[in-house]
Structures are given as C-alpha cells and as structure tokens.
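Just below is one structure, and these are the notes that go with it.
Remember, it's 1-based here, ligands and their atoms both numbered in the order they're listed.
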Amino acid sequence: MLEETSFAIHPGAKKKLGKTSYHDIGSLIKFHHSKDKMSFVCQHGWVDVSFYREDIVGVIMNPKQMPDHKTTKAVIGNPKHVQVQVKETDENILLSSDMLQVEIQKNPFRVGFYDKDGRALVYEDDRGMGFNESGEVIGYKVMEEQDHFYGFGEKAGFLEKRGESYKMWNTDVYAPHNPETDPLYESIPYFMTLREGKAHGLFFNNTFKTSFDMKSEEDHYSFSAEGGQLDYFLFAGPTPKDVIEQYTYLTGRMPIPPKWALGYHQSRYSYETEQEVRELANTFKEKKIPVDVIYLDIHYMNEYRVFTFDSERFPSPKQMVQDLKEAGIRIVPIVDPGVKKDPEYLTYQEGVLQDMFCKYLEGDLYFGEVWPGISAFPDFTDEKVREWWGKNHKFYSDLGIEGIWNDMNEPAVFNESKTMDLSVVHRNDGDPKTHRELHNLYGFLMGEATYGGMKKLLQGKRPFLLTRTGFSGIQRYAAVWTGDNRSFWEHLQMSLPMCMNLGLSGVAFTGPDVGGFAHDTNAELLTRWTQVGAFTPYFRNHSAIGFRYQEPWQFGDKHEDIMRKFIELRYRWLPQLYRWFKEAHDVGAPVMRPLFLEYPNDVKTYSISDQFMIGDNVIIAPIMTPKTTDRVVYLPKGDWIRYDTEETFSGNNTHLIQAELDQLPIFIRKGSAIVHGNVRLSTMEPQTDCEIHVYPSEQGSYELHHYDDDGESFGYESEQFLKQTISFLFEKGKIEVQVKERLGEYQPDYQNYKIVFHDLKGRESIYINGKMQKIAVDKENQITLTVPIL
Ligand code: MIG
C-alpha cells in the first residue's frame with residue numbers, strides 16, 4: 001500500500017522523522033540579483049525569487065544545490081520582463097513590482113507577500129521553508145482567521161477547503177468516493193485564498209506526491225512534497241477571477257471545444273455490439289431526444305487491444321461511424337494506455353522494437369496487469385513516444401472518429417499499489433526521472449500525445465479529448481470527468497463543489513457521470529441529475545456493467561418526458577454556454593462558478609456548495625434530495641427572476657423555493673440578458689435562431705458579449721468568428737439597446753437576433769441603436785424585436 005508520508009508531522013514539536021529531522025532553511029548568508037532573478041544563499045539551502053509578471057512571482061527553494069529552473073511540463077507561460085525595485089535594510093530585503101511586494105526577512109530567512117499598498121497576502125512567521133534528510137520539502141504559511149480556501153482540483157467534500165488536508169497522487173478509486181476519499185484521479189497542486197473579498201493564489205509546481213494541510217493547525221497551513229524542490233508561484237489577485245487568470249496564464253487554457261462536445265453524451269460500460277449501438281442511436285431518434293455523442297467502452301476492442309475493433313461484435317465500424325454521423329451522432333471510443341503483451345499484436349511489436357515502453361533503469365520493460373492482461377505502458381515522457389502514440393490514432397480518425405476518451409491513465413494497474421512500479425525510470429526527454437517523480441504527469445502527457453496526434457490527423461477540425469486523470473495544465477488538452485462516482489444522492493450533491501473547484505483550478509470543461517456510474521440509479525435520481533447535467537459544462541450519462549441501464553427512457557414515459565425537456569433545454573442554452581467557454585479559453589474563468597466568484601464581497605456566498613452560477617448572471621439551485629420539492633436558495637444582491645415562472649425574488653435574501661420533479665430552479669439576475677438557440681436533435685443541425693432574452697431592471701446596464709463561430713474548425717484563431725457586444729441601458733420607463741459593431745467574418749445560419757424583452761410592465765419605450773421601436777406587448781408581458789446582425 002502507499003504509505004502516508006511521515007512529513008505531515010509538526011516540526012515545532014521537534015519530533016524525529018525516522019532517523020532524520022526537520023531542518024529550517026536558516027538565516028540568509030548572502031544574496032545577489034541578476035536580470036531576471038534574485039538569488040539567496042541561506043545556511044541550509046538556496047532560494048531564487050523571480051517575477052513572471054507584475055502580479056506573478058515564483059519562489060524556488062532547493063536544500064541541496066542552487067535552484068533548478070527547468071520547471072515542469074505544467075508551466076507554459078513565459079516570464080515577462082518586470083521592473084523590480086530592490087531595497088535593503090539590516091533586517092529585510094524588499095522586492096517590489098507595480099502590483100506585488102516580496103519581503104525577505106534575513107534572520108531567519110522568511111518570505112512574505114504584500115500587495116502594492118502593503119496589505120499582506122500571505123507571509124511566514126516562526127516557520128518558513130524547510131526539508132528533511134530523506135528529501136522531503138515543506139513550506140509553512142500563516143493562516144489568518146478570515147482565510148477561505150478553494151481549488152485543489154478534483155477533491156471530494158464541500159466547496160470550502162479550510163480544515164481539510166489533501167494529497168496529490170493520481171489514483172484510480174473505484175469505490176467509495178466518500179467525503180474523505182483522497183486522493184482521487186487528478187493532481188492540481190494549486191489553490192486560492194479568499195479573505196474579506198480579496199484573493200490570492202498559490203501553485204506548487206512539483207510533480208512528486210504533494211500534501212496540503214489546512215487542518216492540523218489553527219493558524220498555519222503547509223504544503224510539502226516527497227522530493228524535488230519547494231518550487232511555487234504566488235498569484236496576487238486581487239479578485240478570485242484575477243487569480244484564475246494568473247494561474248492559467250502560467251499553466252494554459254483550453255482551446256475552444258467543438259460544439260458537439262457541448263451537447264448531450266450517452267455512455268455505458270459497455271454498449272457491447274454494433275447492433276446495440278445502432279439500436280441505441282435509433283431509439284434517440286424515435287424518441288426525439290437530442291444526443292451528440294455515443295461512447296464505446298472497452299468491449300469494442302479485440303481483447304482490449306487498443307487501436308483495434310473486435311470484428312465479431314463490431315463487423316463494420318467505419319460504416320457504423322458514418323451512418324451515425326449522418327444521424328448527427330459522433331462516436332467516441334475509450335483508449336487506455338496499457339498495451340497488451342502479445343508478440344503478434346502490431347502496437348506491441350512496434351512499441352518493443354522501437355523502444356516506446358516504460359523501463360527500469362537496467363533496461364527491462366515494466367509490465368503491469370490491466371484489462372488486456374499483462375501489458376506494457378508507453379513512456380509518454382518522451383517526445384518520440386508521444387509522436388508515435390499520437391500517430392497511432394490514425395486508426396480512429398480513418399474511421400471518421402473525432403473524439404477520444406482516455407481512461408486508466410493514472411496509470412491504473414491491478415496491483416496493491418494501484419499503479420506502476422515507482423522505480424521505473426522515465427526517459428523524460430533526455431532528463432531521466434523515476435516514476436515516483438513523474439507519476440502525476442503520466443496521464444497529462446498521454447493527453448498531450450493524444451490531443452496533439454488527433455489535432456494533426458483531423459487536419460483543421462477540433463478534436464475532443466476526455467480524460468480521467470491529469471495534472472495542472474490538463475485543460476490545454478482535455479475535458480475532465482470525475483471518474484467512478486455512484487448512483488447516490490450524496491454523489492450528486494458532491495459533484496457540484498467538486499466541479500466548481502475543478503473550474504477554479506483552471507479546468508472549466510468538467511462534469512460527473514450523470515445518473516451515477518456504479519450502483520443502480522433510480523427514476524427520480526436520474527431525473528434530478530439530468531436537470532443538473534443540462535447545466536454542467538460536460539454533460540454525459542454513463543453507467544457501469546452489472547448495474548441498471550440508465551438511458552433517459554429506462555424509467556417510463558413520465559420521467560422520459562422530463563429528461564427530454566431538460567436535454568432540450570441544454571440545446572436551447574448552448575449559445576449561452578458557448579459564450580462562457582469562449583471566456584474560459586480567453587482568460588481561464590470557469591463556465592460553472594461558485595457564487596463567490598461573482599460576489600467576492602458577499603461572505604454568505606463563501607460556503608455555498610449546493611448552488612452554482614453559469615457565467616455572471618445565472619444561478620442554478622437544483623433539488624438534490626429524494627422526494628423533495630422545496631429547498632432554500634440564497635440569492636445575492638439585486639433582484640432575480642425565476643426562469644420558468646418569471647417570478648421576481650429579492651436578492652441579499654434566502655427564499656424557500658418550490659420545484660416539482662419537472663422543475664429546476666434557475667434564476668436570472670434582473671438587469672441582464674442571456675442567449676438562446678433553437679432546440680436541435682444534435683449540434684449537426686443548424687442553429688437557425690438566436691434569441692436574446694432580456695430581463696430589464698429599473699435602473700442599470702448590462703453588456704452581453706455574444707460569441708459564435710463554426711464550432712468545428714480552428715478558424716476562430718484567425719477571423720472566422722462573430723463577436724458582437726449588445727449593451728442594455730435600463731431606465732425608468734425606457735430601455736436602450738445598442739447592437740455594437742460586429743467583429744470577425746463568420747456568418748452564422750441565423751441572420752437576426754430576436755430580442756425578447758421580459759416583464760415589460762410600465763415600459764413605454766424601447767430604443768434600438770437610438771431608434772424608438774413600435775412595441776406591442778403580448779399576453780406574457782413580453783415583446784420580441786428582430787434586429788439584423790450587421
Ligand atoms: O476499471 O472502461 O472510470 O468510466 O466505464 C474500470 C471501463 C475501467 C473506469 C472508468 C469508467 C469505465 C471503466 N473504467
């Protein structure tokens with residue numbers, strides 16, 4: 001079994017850790033600065049401080065030698081030139097940029113971070129950086145009473161992480177996913193701290209097993225790693241969104257996904273035959289339930305050999321992919337890393353002959369048991385291997401496949417440690433390192449190989465990649481689903497904070513298995529979960545072998561009708577979601593947001609785990625307990641309109657909200673607008689309508705940044721997009737709309753915006769681009785005006 005590391009121990013107690021004990025870095029001996037960094041030599045180690053931007057600073061402590069600046073594969077943001085002022089006194093050295101000050105205390109050596117006005121972000125007091133003889137490194141920071149913690153990637157439990165401790169070690173956890181189950185599949189050693197409305201963030205850039213402890217002490221937290229350097233970045237904020245922008249500047253942002261990846265996805269472990277897949281697709285068509293993707297789980301392969309089809313179960317995969325595509329449905333097959341040991345299997349042969357697999361230092365191949373039996377594992381740390389693996393996907397792209405699902409890529413191995421032998425030595429592009437050091441990068445690098453390979457093969461079309469595991473930066477390659485949850489209400493509840501924290505950690509494209517993977521789902525749970533799924537960035541229903549089938553029609557007409565209605569709603573909301581995907585692509589901000597991201601000064605939002613926002617003006621408050629039709633909803637300042645009933649609720653208030661089984665409480669902030677498209681059975685059907693729904697307030701303004709593109713090419717990187725800002729000014733009795741100049745050259749299928757004004761009571765006049773409109777209010781108290789896209 002993987003042992004807990006002994007390093008969580010309180011060094012203040014001066015306990016011995018085995019034969020080794022904790023060492024503080026000691027006092028500063030000397031320092032010097034070069035163009036891009038300040039270097040400090042201390043009694044027991046070396047520390048470099050370098051500014052990446054005015055608002056991002058990096059610290060590296062190495063107890064044994066001068067810091068290594070080679071960094072990890074997570075980091076892609078280049079350092080900018082920052083003018084740093086240096087001031088020295090007898091006690092301190094102060095390094096300051098325009099946004100951030102780093103105060104170095106000399107004796108003992110301690111680091112503090114302050115904003116430009118001197119407000120403390122975070123600092124060290126009696127303890128700072130340290131290490132022990134076995135190679136573990138640790139950093140302590142003062143934890144203030146008002147500090148709230150978020151992020152850490154994919155973690156169980158509630159939204160707020162103060163009082164918790166976490167490990168980062170990519171792990172295949174089939175069951176259970178309890179509140180304390182840790183670690184799970186992803187390792188994102190990053191978090192943000194929110195204190196009285198202002199936020200800063202910290203990214204621990206270390207791929208070893210790392211630990212974060214906000215639990216053991218009242219007034220300090222710590223982060224530590226089993227090896228390597230204490231290499232971390234501090235992000236200055238000051239808003240939570242700024243922190244995400246800063247973190248994703250460093251670790252990258254997602255490409256805009258193909259639109260079809262935002263549709264409804266249907267999966268099962270497994271749809272076992274071509275006939276079953278075809279019947280499934282037909283049932284969606286007959287029942288007029290929208291669907292964009294059907295998944296092929298491990299049964300499609302010939303004895304689980306990747307890059308093969310079982311010719312008996314799937315006699316004509318190419319025809320199947322083509323026929324389904326004509327029906328608007330894409331096929332996404334699973335691809336695991338394990339390559340079956342079989343001398344007559346081409347991928348294995350090639351892998352051995354061309355030296356592609358993971359090995360021990362002495363040269364023996366590493367073998368582990370997974371689905372195909374004894375298997376070898378590609379060494380994705382090597383460029384040559386990533387290229388080879390990527391190219392192998394020609395097998396799929398030749399069949400017309402555009403999306404891949406990576407599973408078991410922790411890597412999971414059927415043994416007691418659940419993974420690869422830690423003493424395997426990866427080639428790591430010429431800088432060999434053990435699996436112990438690079439374990440957390442394995443799935444990330446498989447993602448790089450797969451996404452990169454598919455991107456080349458698809459020749460200009462956007463690939464879709466789904467992954468179970470990853471490291472900081474995985475958003476550059478893949479969407480992340482949260483692994484093997486179960487069909488319990490508790491797991492529906494837990495999926496909200498898990499996905500919100502993933503979003504805060506740079507991974508905007510995420511969602512759980514809707515309905516629950518293991519265990520039998522039931523009609524009510526599946527229905528309520530589908531309502532939530534319609535609004536999570538990634539929307540896939542998936543279930544495990546041996547448990548109840550859970551397609552939307554498995555529980556009778558009544559539930560089927562409700563689920564159809566919500567899957568349709570997903571398609572109506574696609575343009576609105578797409579707008580926020582575009583923002584995630586631009587600045588990292590998640591699509592699915594905790595309320596505090598929009599209302600950081602409202603402390604009541606800090607711990608809300610059972611509501612979330614889509615973008616800046618929509619709150620979703622699902623029902624997540626059985627046989628329940630009422631729940632409490634907190635609405636922040638402003639007035640809010642319930643989407644399905646058009647009732648108004650006052651903000652800064654909690655309300656008791658009723659929602660029957662066919663209702664999902666959605667609230668739109670009064671004084672804002674959302675975009676809708678027409679319901680389609682698949683994104684392959686054209687979007688012919690573009691409706692802008694306006695919820696006027698008495699007074700105020702809103703800017704809607706409409707974004708669209710062809711949804712499948714990279715043309716958006718040049719001019720093939722439509723960007724248009726539509727601004728609204730609400731005044732007493734009057735609404736002014738400005739449809740600003742359009743940018744980009746993309747021509748959508750719709751030619752007009754239908755602007756729908758809700759709740760028009762007492763509004764005499766509407767102006768569009770300065771022209772007063774003739775209006776006739778309909779019985780719903782709405783009017784629709786058609787405005788061409790200019
Ligand atoms: O150990 O491929 O999380 O979604 O259906 C099971 C079979 C392996 C685990 C994935 C799950 C998938 C299943 N896989």
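- Each of the atoms 2 (O) of ligand 1 lies under 4.0 Å from some heavy atom of Ile334.
- Here the shortest heavy-atom distance to atom 2 (O) of ligand 1, taken over Asp297, Asp484, Thr482, Thr469, belongs to Asp297.
- With sequence neighbours left out, Ser543 forms a side-chain contact (heavy atoms from CB on, under 4.5 Å) with Arg268, Gln550.
- Environment of NZ in Lys456: sparse, with no more than 12 heavy atoms of neighbouring residues, nucleotides or ligands closer than 6.0 Å.
- One finds a salt bridge joining Glu402 and Lys325 here, because a Lys/Arg side-chain nitrogen approaches an Asp/Glu carboxylate oxygen to under 4.0 Å.
- Nearest protein neighbour of atom 4 (O) of ligand 1, counting heavy atoms only, is His542 NE2, 2.9 Å.
- Using cut-offs of 30° and 60° on the angle between ring planes, the pair Tyr396 and His393 is tilted.
- Considering backbone and side-chain N/O of Asp513, none are found under 3.5 Å from N/O of ligand 1.
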For the pair Arg436 and Glu226, evaluate side-chain contact (heavy atoms from CB on, under 4.5 Å) and give the outcome as yes or no after the intermediate values. CA-CA 9 Å; Arg436 191 167 81 92; Glu226 274 196 356; 3.1 Å; yes
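- Of the N and O atoms on the side chains of Arg278 and Gln275, not one donor lies less than 3.5 Å from an acceptor on the other residue.
- Between Trp481, Tyr174, Trp371, it is Trp371 that holds the heavy atom closest to atom 1 (O) of ligand 1.
- At a 4.0 Å heavy-atom cut-off, ligand 1 touches Trp405 through the side chain alone.
- Near Met408, meaning under 4.0 Å from any of its heavy atoms, are these atoms of ligand 1: 1 (O), 8 (C).
- Contacts between Tyr185 and ligand 1 below 4.0 angstrom, taking non-hydrogen atoms only, are absent altogether.
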